[in-house]
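Chain letters run A, B, ... following the sequence lines, proteins first and then strands; every chain starts at 1.
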2 protein chains.
Amino acid sequence: MTRQRQVIADVLQKAGEHLDAAEVWRRARQQLPGLHLATVYRSLESLKKLGIIDELDLMHYRGTGHYYEARTNKDHIHFTCQRCGGVLEIQTSLFEKLKAQIEGRHGLAIRVARLELGGVCGSCASTENKTPHATA
Amino acid sequence: MTRQRQVIADVLQKAGEHLDAAEVWRRARQQLPGLHLATVYRSLESLKKLGIIDELDLMHYRGTGHYYEARTNKDHIHFTCQRCGGVLEIQTSLFEKLKAQIEGRHGLAIRVARLELGGVCGSCASTENKTPHATA
DNA sequence: ATTTTAGTTGCGAATTATTCGCAACTAGAA
DNA sequence: TTCTAGTTGCGAATAATTCGCAACTAAAAT
């Protein structure tokens, strides 16, 4: 564990949510001015393998990049509204059940689970044809 | 619906599974020699919006690219073995229940659901430290 | 405390993957 | 038919990510 990785993990822990590599870089450089973007990518890769962070793409609502977040004890589901871009985090015990069922049935070990949903959120459904109100 | 999109959709329907944009292009050019890769990207985007195909990244087991497959009536789950790279497709009614529960609880409409799992498959778990046997 | 060593970093260049701008074309509506 | 909105081919451009390499550093071994 190098200082770089600690800072990067810390940025994600404090941020709460959904930073892309470039944004992680911007924030981490406040503690580590010389930090190189390539190091951010390499560190994100390691932290991902260590199970400390998770990677998302939020249904590619903007571009093809990826987003990162600190992993919490309970996995959560990400719903991205394809109308307004808002992201909703969802938790339910059914998700845990589903994973357990799959592990049992197929004799495999799940190390990372990513459930991403896309669709139309409640407020966009009621507010038809209105200006999108971003929340990402 | 242009000829290009028909051919591209067809390639994915026949392929069964998991082609990246470049591979779709290679196959589609057999019917449409002049087809441009940019058109493949644009068509995949449209077909995705139409709900005809789905996009995956298979836990980025190889590179950052994306994979596409024809959508079937029942969504399925993709498990990628992070040891051997094999991909397992899983179907279970619990997944449908989960989606229904989320729609009900949060008052939203799910248009696309992508559940990707990563971990160690049964045969890799039993065959510890052996040569990876690719299956992707 | 010092040495060793495996792994990491900064750097800039390179590679992938994807998107864009634009003029020519085409599917389908009128 | 004619019109029109949307699509295509093209090559150039732009992300997003990875690489090669020499200098460093954390942690294990002495």
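No hydrogens or angles were tested; on distance alone, a donor-acceptor pair under 3.5 Å links the side chain of R42(B) to the base of dG9(D).
Of the side-chain N and O atoms in Y41(A), one or more sit less than 4.0 angstrom from OP1 or OP2 of dT17(D). Close to dA17(C), at under 4.0 Å from its OP1 or OP2, lies no side-chain N or O of T64(B). A close approach under 4.0 Å does occur between a side-chain nitrogen or oxygen of Q4(A) and OP1 or OP2 of dG10(C). Regarding contacts with the backbone of dG6(D), every side-chain N or O of T2(B) stays at 4.0 angstrom or more from both OP1 and OP2. Between H66(B) and dT18(C) there is a side-chain polar atom (N or O) within less than 4.0 angstrom of OP1 or OP2. A close approach under 4.0 Å does occur between a side-chain nitrogen or oxygen of R5(A) and OP1 or OP2 of dT9(C).
Residue R3(A) is out of contact with every strand shown, counting any heavy-atom pair closer than 4.0 Å. Nucleic acid contact for A38(B): base, since at least one base atom lies under 4.0 Å from a heavy atom of the residue.
Per the geometry, CG belonging to L37(B) stands 11 Å off P belonging to dG9(D), to the nearest Å. Per the geometry, NE2 belonging to H60(B) stands 17 Å off P belonging to dT16(C), to the nearest Å.
Rounded to the nearest 0.5 Å, atoms CD (Q101(B)) and CG (L94(B)) are 10.0 Å apart. Distance check: I53(B) CD1 to L44(B) CG gives 4.5 Å after rounding to the nearest 0.5 Å.
Checking H36(A) against H36(B), the closest nucleotide of DNA chain D that is more toward the 5' end is the one next to H36(B). Residue G63(B) is the one, among G63(B) and M1(B), whose nearest nucleotide of DNA chain C lies closer to the 5' end (criterion: closest heavy atom).
With 3.5 Å as the limit, one finds no donor-acceptor pair spanning the side chains of H36(A) and Q4(A).
Residues that satisfy the side-chain contact (heavy atoms from CB on, under 4.5 Å) test with E96(A), not counting sequence neighbours, are K74(A), D75(A), K99(A).
Of the candidates dC19(D), dG9(D), dT17(D), the closest approach to any side-chain atom of T39(B) belongs to dG9(D).
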Show me the donor-acceptor pairs, under 3.5 Å and distance only, between side chains in residues 107-118 of chain B and residues at least two apart or in other chains.
from	atom 1	to	atom 2	distance (Å)
R114(B)	NE	E55(B)	O	3.4
R114(B)	NE	E116(B)	OE2	3.4
R114(B)	NH1	E55(B)	O	3.2
R114(B)	NH2	D57(A)	OD1	3.1
R114(B)	NH2	D57(A)	OD2	2.5
E116(B)	OE1	L58(B)	N	2.8
E116(B)	OE2	D57(B)	N	2.9

